[in-house]
2 protein chains.
Amino acid sequence: MATEVMSEDATGGPAKPMRADARRNYERLVEAARQVFTDQGGEASMETIAKQAGVGVGTLYRHFPKRIDVVEAVYRGDVETLVRAADRGPGELPPWEALEAFLRGYVAYARGKKVLINELHEAFDKNPGLKLESRDRIWAACGRVLARAQAAGMARSDIDGDDLMQLVSPMCVHATLTEEQGDRLLAMVLDGLRPPGPEKLS
Amino acid sequence: MATEVMSEDATGGPAKPMRADARRNYERLVEAARQVFTDQGGEASMETIAKQAGVGVGTLYRHFPKRIDVVEAVYRGDVETLVRAADRGPGELPPWEALEAFLRGYVAYARGKKVLINELHEAFDKNPGLKLESRDRIWAACGRVLARAQAAGMARSDIDGDDLMQLVSPMCVHATLTEEQGDRLLAMVLDGLRPPGPEKLS
DNA sequence: TTACTATACGGAGGGTGCCTCCGTTTTTCA
DNA sequence: TGAAAAACGGAGGCACCCTCCGTATAGTAA
């Protein structure tokens, strides 16, 4: 992978690479924050996150000057994981399994997003590009995974990635979705995605 | 009006009426909170609210044990104002003007709701009935106002209150709605609500 | 009016959370 | 290996939520 963890200047361009300990702690902190937010919800304290990462709060604040920066880093990581998994498909998973894995990954992503909902709302307000960019990346990834399944004849070809996300995304956003219900509905969607059998050709 | 401000027991039944000073302060506090939330946003502090009301924080906390209780009281008041205004229509305003006033009131209500969005999310989580009940009351009020306008021949009769709310409510919820845009769109909706002229009967 | 009691008031202060500051430790590089 | 640069850690400042309790006042009965 080409994206090394670095400090960035205001223009977003790469700056000096981080010192080894700094980089190690950066990664620990993001992972600790993800864990703590999952366990305790979006109001978990900075002290808790630092402790979980095994560093002092000073270190946490050097890497993430404001609380919202931690939230943003966790969220960016989640999006990254989802999109990467989509493009890891070819060569590792057959096209249909890759599609199934992507959709399951999306549901998990959406669940994680829900516990940070208030925090993310603030982050999106401050930085509207983050929301749009993330959405675009995810929808595009969905399109690629679906297209591969379609090219292999494993998925019906009369819908595209945007259609699929338009169906699944609101389902995940709706407040009353339980984990089991999400699984059942996803199974149904996947069944509906299979190419129509010969007897069903109208 | 029959609803006097009282303390309530756990079952919601009426208890002893409040002492005069307590009641005065209760009302001042709700109004102060509404003002402060409008001015400073939903994260305004309890101290600020108490100061704005001219009372100590102790008094604020006696009336509203948790921060979220203040939010809920403000919200309930907003709903009450909107619904009351709807039913004040007959006798005070001609049916069409009452409908117009109701919709403008709804847009204002929705705007106020937006600054409390995070707080209300929490309140609705804790008390799901609040959300549903408020929605029902508002949609029903819309139905009554629209029905009166329809009965007077001032509004087209092929849509009902639920249709109307289904149109206007998402418009207000959407994050990017500006105040001017809301006014323009509402004007358009109102034009669309007028009964079709004779020349347009298809 | 007065005296008495239940009720309400006010704000100091406890606890926690975000964030800053700076002395100490570790890494890097000549 | 030694010095400079970079990063670490956590005490402490500040703001906020909420509690506690001494003081003040509305309501009531004589």
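We name chains A, B, ... by the order of the sequence lines, and we start the count at 1 in each one.
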Which atoms of nucleotides 2-4 of chain D (N or O only) lie under 3.5 Å from a protein N or O atom, and what are those distances?
none

The criterion is side chain to side chain contact (heavy atoms under 4.5 Å, CB included); which residues satisfy it with V107(B), sequence neighbours excluded?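 Testing V107(B) for side chain to side chain contact (heavy atoms under 4.5 Å, CB included), a comparison that skips the adjacent residues, returns R111(B), C172(B), L186(B).
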Contacts of type side chain to side chain contact (heavy atoms under 4.5 Å, CB included), residue E180(B), not counting sequence neighbours: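 By the side chain to side chain contact (heavy atoms under 4.5 Å, CB included) rule, E180(B) matches T178(B), R184(B).
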Ring centers of F37(A), Y75(A) separated by less than 6.0 Å: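 No, too far apart.
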Shortest non-hydrogen contact from V74(B) toward A33(B):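 Between these two residues, the closest heavy atoms are CG2-CB, 3.7 Å.
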Minimum heavy-atom distance between K113(B) and L120(B), given as atom pair plus value: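 Between these two residues, the closest heavy atoms are CG-CD1, 3.5 Å.
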Nearest whole Å is fine: how far is [N] [atom2] from [X] [atom1]?
X: E119(B); N: dC16(D); atom1: CD; atom2: C1'; answer: 13 Å
X: M46(A); N: dG17(C); atom1: CE; atom2: P; answer: 12 Å
X: E43(A); N: dC16(D); atom1: CD; atom2: C1'; answer: 16 Å
X: R67(B); N: dA15(D); atom1: CZ; atom2: C1'; answer: 13 Å
X: R23(B); N: dC9(C); atom1: CZ; atom2: P; answer: 14 Å
X: K66(A); N: dG17(C); atom1: NZ; atom2: P; answer: 18 Å
X: F64(B); N: dA8(C); atom1: CZ; atom2: C1'; answer: 14 Å
X: Y61(B); N: dC17(D); atom1: OH; atom2: C1'; answer: 4 Å

Side-chain donor-acceptor contacts of residues 42-61 of chain A below 3.5 Å, not counting sequence neighbours, with atom names and distances?
unit_1 : atom_1 : unit_2 : atom_2 : d
S45(A) : OG     : T48(A) : N      : 3.1
S45(A) : OG     : T48(A) : OG1    : 2.8

In degrees, rounded to 10°, what is the bend between the two ends of the helix from dT1(C)-dA30(D) to dA30(C)-dT1(D), using five pairs at each?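 Computed angle between terminal axes is 10°.
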If you apply the rule side chain to side chain contact (heavy atoms under 4.5 Å, CB included), what do you find for H63(B) with N25(B), and how did you get there? CA-CA 9 Å; H63(B) 288 290; N25(B) 282 333; 4.2 Å; yes
What string of B, S and - do you get for nucleotides 22-30 of chain D, 5' to 3', if B is base contact, S is sugar-phosphate-only contact and - is no contact with any protein heavy atom under 4.0 Å? ---BSS---
Report the nucleotide, chosen from dC8(D), dC9(C), dC17(D), that has the shortest atom-to-atom distance to any side-chain atom of S45(B).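 In terms of side-chain proximity for S45(B), the closest of dC8(D), dC9(C), dC17(D) is dC17(D).
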Please determine if R34(A) and E31(A) form a salt bridge, counting it only when a charged side-chain N lies under 4.0 Å from a carboxylate O.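 Salt bridge flag = yes for E31(A) with R34(A).
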Taking the cut-offs as 6.0 angstrom to the six-membered ring centre and 45 degrees off its axis, would you call R194(B) and W96(B) a cation-pi pair?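 Satisfied, under 6.0 Å and within 45°.
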Holding to side-chain hydrogen bond (donor to acceptor under 3.5 Å, both in side chains), I want the full list of residues that pass it with N118(B), two or more places apart in sequence or in another chain.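 None.
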I'd like to check the salt bridge (charged side-chain N to carboxylate O under 4.0 Å, His left out) partners of D69(A); sequence neighbours left out, ordered by chain and number.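 Here the qualifying residues are K126(A).
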Identify, with sequence neighbours excluded, every residue that meets salt bridge (charged side-chain N to carboxylate O under 4.0 Å, His left out) alongside E133(A).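 With sequence neighbours excluded, E133(A) shows a salt bridge (charged side-chain N to carboxylate O under 4.0 Å, His left out) to R76(A), given in chain and number order.
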Does H63(A) place a side-chain N or O at less than 4.0 Å from the phosphate oxygens OP1/OP2 of dC8(D)?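 Yes, because at least one side-chain N or O of H63(A) sits under 4.0 Å from OP1 or OP2 of dC8(D).
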Grab the N/O contacts between the protein and nucleotides 9-13 of chain D below 3.5 Å, and write none if there aren't any.
unit_1  : atom_1 : unit_2 : atom_2 : d
dG9(D)  : OP2    : G56(A) : N      : 3.0
dG9(D)  : OP2    : T59(A) : OG1    : 2.8
dG10(D) : N7     : G58(A) : N      : 3.2
dG10(D) : O6     : G58(A) : N      : 3.3

Just distance, no hydrogens or angles: give the donor-acceptor pairs under 3.5 Å from side chains in residues 154-162 of chain A, sequence neighbours left out.
unit_1  : atom_1 : unit_2  : atom_2 : d
R156(A) : NE     : D158(A) : OD1    : 2.8
R156(A) : NH1    : G192(A) : O      : 2.9
R156(A) : NH2    : D158(A) : OD2    : 3.1
D160(A) : OD1    : D162(A) : N      : 3.1
D160(A) : OD1    : D163(A) : N      : 2.8

Which atom pairs, one a donor and one an acceptor, fall under 3.5 Å between side chains of residues 136-145 of chain A and the rest of the protein, sequence neighbours left out?
unit_1  : atom_1 : unit_2 : atom_2 : d
R137(A) : NH1    : E80(A) : OE1    : 3.2
R137(A) : NH2    : E80(A) : OE1    : 3.3
R144(A) : NE     : D87(A) : OD1    : 2.9
R144(A) : NH2    : D87(A) : OD1    : 3.4
R144(A) : NH2    : D87(A) : OD2    : 2.8

